[in-house]
Structures are given as C-alpha cells and as structure tokens.
Amino acid sequence: MIDRFNIAADILNLDESIRQKLQRPEKQIVVNFSVTLDNGKEQNFEGYRVIHNTALGPSKGGIRYDNAVNLDEVKALAAWMTWKSAVTGIPFGGAKGGIICDPRTHSKTELEKITRGYTKALVDIFGPDKDVPAPDMGTGPDEMGWLMDEFSLVHGKTIHAVVTGKHLHSGGSLGRVEATGRGVSIISLLALEKLKLRPARSTVAIQGFGNVGLHSALFLFEKGLKVVAVSDVSEAFYNPQGINIPELILYYNLNNKSIKGYPNSVAIKHEELLLLEVDVLIPAAKEDVITAKNANDIRAKIIVEGANGPVSSDADKILHDNNVLVVPDILANAGGVTVSYFEWLQNSLLESWRIHQINKRLEDILEKSFDTVFNVAAKHNITPRIAAYVIALQKVADTQSVKEVTLNSAKYKQN
C-alpha cells in the first residue's frame, strides 16, 4: 500500500506533512476482552480497530475473524478502504477491524459472545456518523446483527445505521450479499470493452469461490463469458469448454460450501490456474498471489483484482511491461463498499430501495469511476492502479487541507 501511495504522492507533489498524515492512521485501537466458552472455560481475545482517515466522512470498513489478523494488516486494509471510498466518490473514510480467532472452531453462541465483547470494547468508537463496520473474512450478517443489537442496547434504542451487511430483517439492503462480485463483473466487462474484446468470445479464470468469486463467476457466466477455471481452498478445476456455473454453485451448496470433487472438470494445481491463457483472470482469494516470481508467466490479457492486494507491488512493472491490463482492487472490488453506503443511506433515511434501483446506481458509480481512472491514466501516462491512487489521494488531501484551514482559522470572541 505504501509503495503505491508514494508513487502517486510523487506525481501529485504532495506536501511532506500531508503525505505523512495520509500514510498513518488517525487512530489505532487494540482491545482485550474475555468470554466464557461453551465448556465453561474463560478465553481472552485480542481485537483491533484502525481508523485510517475521516476527511471525507465517517470511517467505513469490515471486521475479519482470523488467526492471522495482525495490526499491520489491519492498517493496510484500513488505508485501502480510504482510497476505495475516495476513488468511487463515496462520502466515507477508511477503517478496518479484526479479532484474532478461528471462527470455524467456535459455536454460534461463542461467536455471538465474541462479537458482543468486541462491540462493548469499541462502543465509543462505533457510530453511524463516526465509524461504520461491515462484514469481512470470517464474518457475515449474523455478526453484524449482533454488533448492531449490542450497540443499540448500550444506547437504549435501535440504531440500524451503525453497521452494514446485516440480514434484511435487521435493516440490511437488497443486493448487499452479491455486491462485490457484481461490481467485479461490471468492471470486468468494462475492461473487455476497453480492449475491444467481445464477452461472448472471452474466457475467464477465477481464483477463489467464496462470496466474491462465486458471484463474479455467476454474473459473468450470465453475460456470456466462458468460465474455464475456478478454485477454492480445497481444489482447482479447469474445463476449456467452460464450466456450468449455476450447476457448480448447486454442487458447492450441497457439498458443505466446497467445490472439491466436482465431476465435470479436470483438477489442476492451484498455482496453474493463475497461469492459464485466458482473457480475464480474477484473483478473488487472498493477497500477494501474483508476485515477481510468477508475474512473467501470467498469460491473461486482463487481471481484475477481486481480492485486496492480490498483485504485489514488485509485480506491477513486470505486468505493465508485458501489456497485461491490471484493474486495481480499490476500483475493481469497490462494489461492496458502494452498496454498504446504500444500506447506510437507507437506514439513515428510514427508506428501503428496490433491487433494480440499487443495481442501477451501483453500475452508474462504477462506470463513472472506471472512466475517470482510465482518463487520468492516459493523461499522466501511468497505470490504472497509480491513476486510482492519484485520484483518491488528491481528493482526500484537498479535503484534509480545507478542514485544517478551517480548524486553524482565527477564532473571534463573542460580544
């Protein structure tokens, strides 16, 4: 994140003081709390919440439950949220949170206690106009509902807008579950159009079959693309004739949320999927899967980053020199935060929007953001990734500067 930030900051000739301010989070909170497990034993948990920047509005960002959660990771993800909101023009700042735990080893009751304990520890940080959490790795609508309920109990009234990604019955929004995947598919189609490639004749490989990968695959399949490869943690599959995605999703749901053993494709090694000759490659699993080690072997024409940071900074130049078009994560997977914004807006206005309204607004925002990023890239002769950072940094830096001028202006005494 810092590598790319510095390149964009140099292009903008950012003042050193504002540069340092935007590199560092506004707040870093580390909390410790205990919960009683189902076996009667008490266990301590460590959690984080990082508020990177609030110049554009309340901070916004997910909460992940994972054993590998650490403060540096959360800081980087919080910064990415700042740039993601800025590049799409959403009035949010960036934040991220996490708890060191493996949600697969805990019962629903224990996960509820963990979520409520974390919420109590951060009740003064969260708020509809302060910091608005959302789901991330290892969390979902259940956790967001528990967070909202605990926050509401403390404040003595129901406050739906404190969190997004909730169940529909708890104030969630239509379209939120599939929003990131839908956004990835919209961006993929725009990238194909940019290279004058027809969807009906295009192929795609998708690494990761979680929420983002699954919905990306489904929407692109529906648009006529041939999805030739998919993978999850258990297995990777390849079928040059194309995989029937609705059939695969049915198999996945009946097979305990796993594609392992899917019969209508050939199993390949996970790393082979990334090197297939396809029009679009969507890494939608984890960070740093494309690095300087394998970047030269990438044969896709377009990479659309469904995950956060799947292409490491040392691979950027190699891919650019090899004429691989990389659509950066802060644009490509911004569908999630965009529809989260819609949910927050509906909660705040006490409204409920129809699904076609939500999808149309999402498409409009992403199309406009895509055009802006590629226009800036052409203007400065830079990659779309750096262009996205230039746009985001400029917007946040300008707003930050105006706020600081206002704060530091002379205070007049009242008569």
Side-chain angles (χ1 to χ4, degrees), residues 1-27 50-61 75-96 131 183 186-187 190-191 194 304-305 308-309 311 313 316-317 320 325-338 340-341 362 364-409:
M1 194 283 295
I2 294 293
D3 288 344
R4 285 133 180 189
F5 174 97
N6 285 329
I7 296 168
D10 288 343
I11 291 167
L12 290 169
N13 291 317
L14 269 192
D15 178 75
E16 188 58 33
S17 65
I18 197 85
R19 184 188 291 233
Q20 287 183 16
K21 190 161 285 184
L22 296 185
Q23 278 183 347
R24 297 168 184 163
E26 288 179 10
K27 291 178 187 171
V50 173
I51 315 294
H52 177 258
N53 191 273
T54 54
L56 299 179
S59 52
K60 185 88 186 71
K75 282 161 68 176
L77 291 167
W80 269 322
M81 286 303 300
T82 299
W83 315 136
K84 201 178 289 187
S85 296
V87 83
T88 48
I90 291 167
F92 279 140
K96 209 74 176 183
D131 179 39
I186 290 167
I187 294 295
L190 291 169
K194 182 66 68 176
V304 180
E305 294 187 318
N308 288 316
V311 177
S313 55
D316 280 344
K317 187 178 187 307
H320 179 64
L325 173 61
V326 180
V327 186
D329 47 8
I330 62 172
L331 171 62
N333 64 31
V337 70
T338 304
S340 276
Y341 166 57
L362 172 64
D364 289 346
I365 285 173
L366 291 182
E367 280 186 10
K368 184 182 176 184
S369 304
F370 184 92
D371 290 342
T372 305
V373 166
F374 277 81
N375 288 338
V376 169
K379 179 183 175 183
H380 292 285
N381 192 27
I382 53 179
T383 64
R385 183 189 306 286
I386 300 305
Y389 272 83
V390 165
I391 293 162
L393 261 65
Q394 184 81 70
K395 195 173 289 185
V396 177
D398 288 350
T399 310
Q400 190 94 37
S401 299
V402 168
K403 284 191 170 186
E404 284 175 9
V405 167
T406 306
L407 285 171
N408 296 329
S409 58

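Starting from 1, each residue takes its place in the sequence as its number.
- The backbone N or O of S85 sits less than 3.5 Å from a side-chain atom of T88, completing a donor-acceptor pair.
- Note: I18 CD1 to L393 CG = 9.5 Å, rounded to the nearest 0.5 Å.
- Of all heavy-atom pairs between N53 and E26, the closest is CA-OE2, 3.3 Å.
- The closest side-chain donor-acceptor pair between N308 and K84 falls under 3.5 angstrom.
- Under the salt bridge (charged side-chain N to carboxylate O under 4.0 Å, His left out) criterion, the residue pairs touching residues 3-14 are R4-D316, D10-R19, with sequence neighbours excluded.
- With sequence neighbours left out, K27 forms a side-chain hydrogen bond (donor to acceptor under 3.5 Å, both in side chains) with no residue at all.
- Pairing each heavy atom of A387 with each of A377, the nearest pair is CB-N, 3.6 Å.
- Listed by chain and number, the residues in a side-chain hydrogen bond (donor to acceptor under 3.5 Å, both in side chains) with D329 amount to none (sequence neighbours excluded).
- Between atom CG of residue L14 and atom NZ of residue K21 there is a gap of 12.5 Å, rounded to the nearest 0.5 Å.
- Contacts of F370 classified as ring-ring contact (aromatic ring centres under 6.0 Å, His included), with partners at least two apart in sequence or in another chain: F374.
- Rounded to the nearest 0.5 angstrom, I2 CD1 and Q23 CD are separated by 4.5 Å.
- Between Y389 and W80, the closest heavy-atom pair is OH-NE1, 2.8 Å.
- Shown here are the side-chain contact (heavy atoms from CB on, under 4.5 Å) partners of A388, two or more places apart in sequence or in another chain: V87, P328, I330, V373.
- Applying the side-chain contact (heavy atoms from CB on, under 4.5 Å) criterion to A79, with sequence neighbours excluded, gives M1, H52, W83.
- Taking the side-chain contact (heavy atoms from CB on, under 4.5 Å) definition, one finds that S59 meets it with I51, T54, A95, D131, sequence neighbours left out.
- Legend: side chain to side chain donor-acceptor pair (under 3.5 Å) pairs involving residues 369-384, not counting sequence neighbours: none detected.
- For L362, the side-chain contact (heavy atoms from CB on, under 4.5 Å) partners at least two apart in sequence or on another chain are R182, I186, T338, V339, F342, L366.
- Residues L22 and F5 are in side-chain contact: their nearest non-hydrogen atoms beyond the backbone lie under 4.5 Å apart.
- The closest donor-acceptor contact from the side chain of E305 to the backbone of V311 lies under 3.5 Å.
- The shortest non-hydrogen separation linking A55 to Q400 is CB-OE1, 3.7 Å.
- The OG atom of S313 lies 7.5 Å from the CD1 atom of I7; values are rounded to the nearest 0.5 Å.
- Not counting sequence neighbours, the partners of K75 by the salt bridge (Lys or Arg N to Asp or Glu O under 4.0 Å) test are D72.
- Judged as a side-chain hydrogen bond (donor to acceptor under 3.5 Å, both in side chains), and not counting sequence neighbours, the contacts of K60 are T164.
- Partners of Q394 by side-chain hydrogen bond (donor to acceptor under 3.5 Å, both in side chains), not counting sequence neighbours, listed by chain and number: D398.
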